[in-house]
Amino acid sequence: MRRPSPPPSDPRVLIFERGAPGRVNAPQMPRPLAPPADIPSTLLRRAPLALPQVSELQVVRHYTRLSQRNFAIDTHFYPLGSCTMKYNPRAAHVAAQLPGFANRHPLAPESTGQGVLACLFELQEMLKDVTGMRAVSLTPMAGAQGEFAGVAMIRAYHAARNDLARDEILIPKAAHGTNPATAAMCGYRVREIDVRADGDIDLVALNAAIGPRTAGLMLTNPSTLGVFDRHIEDIAQRVHAAGGLLYYDGANLNAILGQVKPGDMGFDVVHLNLHKTFATPHGGGGPGAGPVGVGERLLPFLPVPMVGESGGRYYWITEKTRPQSIGRLSTFAGNVGVLLRAYVYARLVGREGMARIAHYAALNANYLLERLSRLGFEPAYPGRRAAHEFLLTLKGLKERTGVTALDVAKRLLDKGYHAPTIYFPLMVPECLLIEPTETESRDEIDGFVAAMAEILAEAETTPELLKAAPHTLPVRRVDEVRAARALDLVWKAHPASA
Ligand SMILES: *Cc1c(COP(=O)(O)O)cnc(C)c1O
């Protein structure tokens, strides 16, 4: 008789909760070895290791089911604003995992690694091209580490000129939290700049803050509000006139690839999030790569190693020839696997493809913004064209129905959609930051619109349904305060299975 598979609400998420005593794949298990005589008996295990007692088939089913309970870009629309959760072509993974790459020892000599060095060199060149910068170092291993490298270079630049009174970094209120954290880690005082109601930087506030203490300005453009600051040339001019440098947070580069270059906007240093813009799966916080590019003034300070080329031979550029470098950020060359994926991706799409990425990212975002606005959702910056993502505010909905951004996000899970980013940026109340990315089809986006329409109707008629969502997932509404304050990650044997 065919037994139904466990319903999706089967609460057993731990492998220990399955199986029964003695149910192991005995023939396949290595026999326990006798302990070596030189291990003191006090260090020897007294009771057998509490391994789960499950058959191979149970293990396969358990982990396959767990993977299906997850939301992933391979299974679900994933409009997580600011994170650019786009589809990563399999070809990039396959190429990056070629044995010649994957098995290479990081200390192997240059002469045996000309292929991988050539790829990294070409990636540096391509990133110079898309950012309009003079040179690129690939070594930072995340956007945040790229930021650290960038601000450390700004600090090194001022120090090299003996311009030591500059102790402030200006950062707009809308910025990602890593920006002020970076400035503080580099020893700077953070000065917040207001953003106007239309999403652009408040130039009056900027003027008031700029001065002889200004080391630099960190800016994301398009910003995390989803709009492109129209006064960027003016801003760059003002910061430079005061002797400061401009830092470009490139997390939103997806929006402007092949359209406009940070170098042309006047920036002196940029970081890119290759895991966002250039194809690397980055759920759960990693892995990533945050290369930095610089203009003329910061060239001597780039982190090492970089890759150089001379007469068709590729070589590592190290601190030996770069005495002013801010130094190393990792033991070897950074996350080379991620760099190779980015390289293959860039080669796959080509220069024309780069421009298409931004076109479709912007088209999808603006189409979705328009459809949701017509349903009655309220854009946080009405009248502004979305860059590649946009902000809605549910302030009005909350006042009317009590339904919050969190409730809508949880209800979306019931309907088969990963939630957008919520409550970020902090300055916009009850916000959803929605980024469909260029890799979604119109069908997929229309499905999301339909789900949002249903949720809006539910908010008006049965708000309590939303307050208790999700209803269909194995884990229901989590008490977030308890989850943070009383986190319990230790598994204890259930009396029945002990
Ligand atoms: C993601 C992001 C960062 C940080 O990048 P990580 O790679 O996560 O360290 C910085 N700024 C913005 C705007 C981002 O979206």
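What you see is a predicted model; the values in this text were computed from it and never measured. First listed ligand is number 1; within each ligand, the first listed atom is number 1. Below, each value reflects all heavy atoms present in this structure, side chains not excepted, and no hydrogens, waters or symmetry copies.
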In the protein, what heavy atom is nearest to [atom], and what distance, to one decimal place, separates them?
atom: atom 5 (O) of ligand 1; result: N273 ND2, 2.9 Å
atom: atom 9 (O) of ligand 1; result: A144 N, 2.8 Å
atom: atom 14 (C) of ligand 1; result: K276 NZ, 2.9 Å
atom: atom 11 (N) of ligand 1; result: D249 OD2, 2.6 Å

I'd like to check whether H275 has a polar contact with ligand 1, where a contact means an N/O of the residue lying under 3.5 Å from an N/O of the ligand.
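Indeed, backbone or side chain, H275 has an N or O that close.
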Would you mind running through ligand 1 and noting each atom that sits below 4.0 Å from a heavy atom of [X]?
X: T224; answer: 13 (C)
X: A142; answer: 7 (O), 9 (O)
X: E147; answer: 10 (C), 11 (N)
X: T178; answer: 3 (C), 4 (C), 10 (C), 11 (N)

Below 4.0 angstrom, N of the basic side chain to O of the carboxylate: do [X] and [Y] qualify?
X: D407; Y: R411; value: no
X: R328; Y: E319; value: yes
X: K395; Y: E430; value: no
X: D268; Y: R297; value: yes
X: K86; Y: E438; value: yes

Against ligand 1, does H282 come closer than 4.0 Å with any heavy atom?
no
Q145: heavy atom below 4.0 Å from ligand 1, yes or no?
no
Are H176 and F424 an aromatic pair by the rule of ring centers under 6.0 Å?
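Distance test on ring centres: under 6.0 Å, yes.
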Measure from atom 13 (C) of ligand 1 to every heavy atom in G143, A251, G290 and give the option owning the shortest one.
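The option holding the nearest heavy atom is A251.
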Would you call the rings of H418 and Y78 parallel, tilted or perpendicular, taking 30° and 60° as the class edges?
parallel
In terms of heavy-atom contacts, A365 and F390 come closest through O-CE2, 3.3 Å
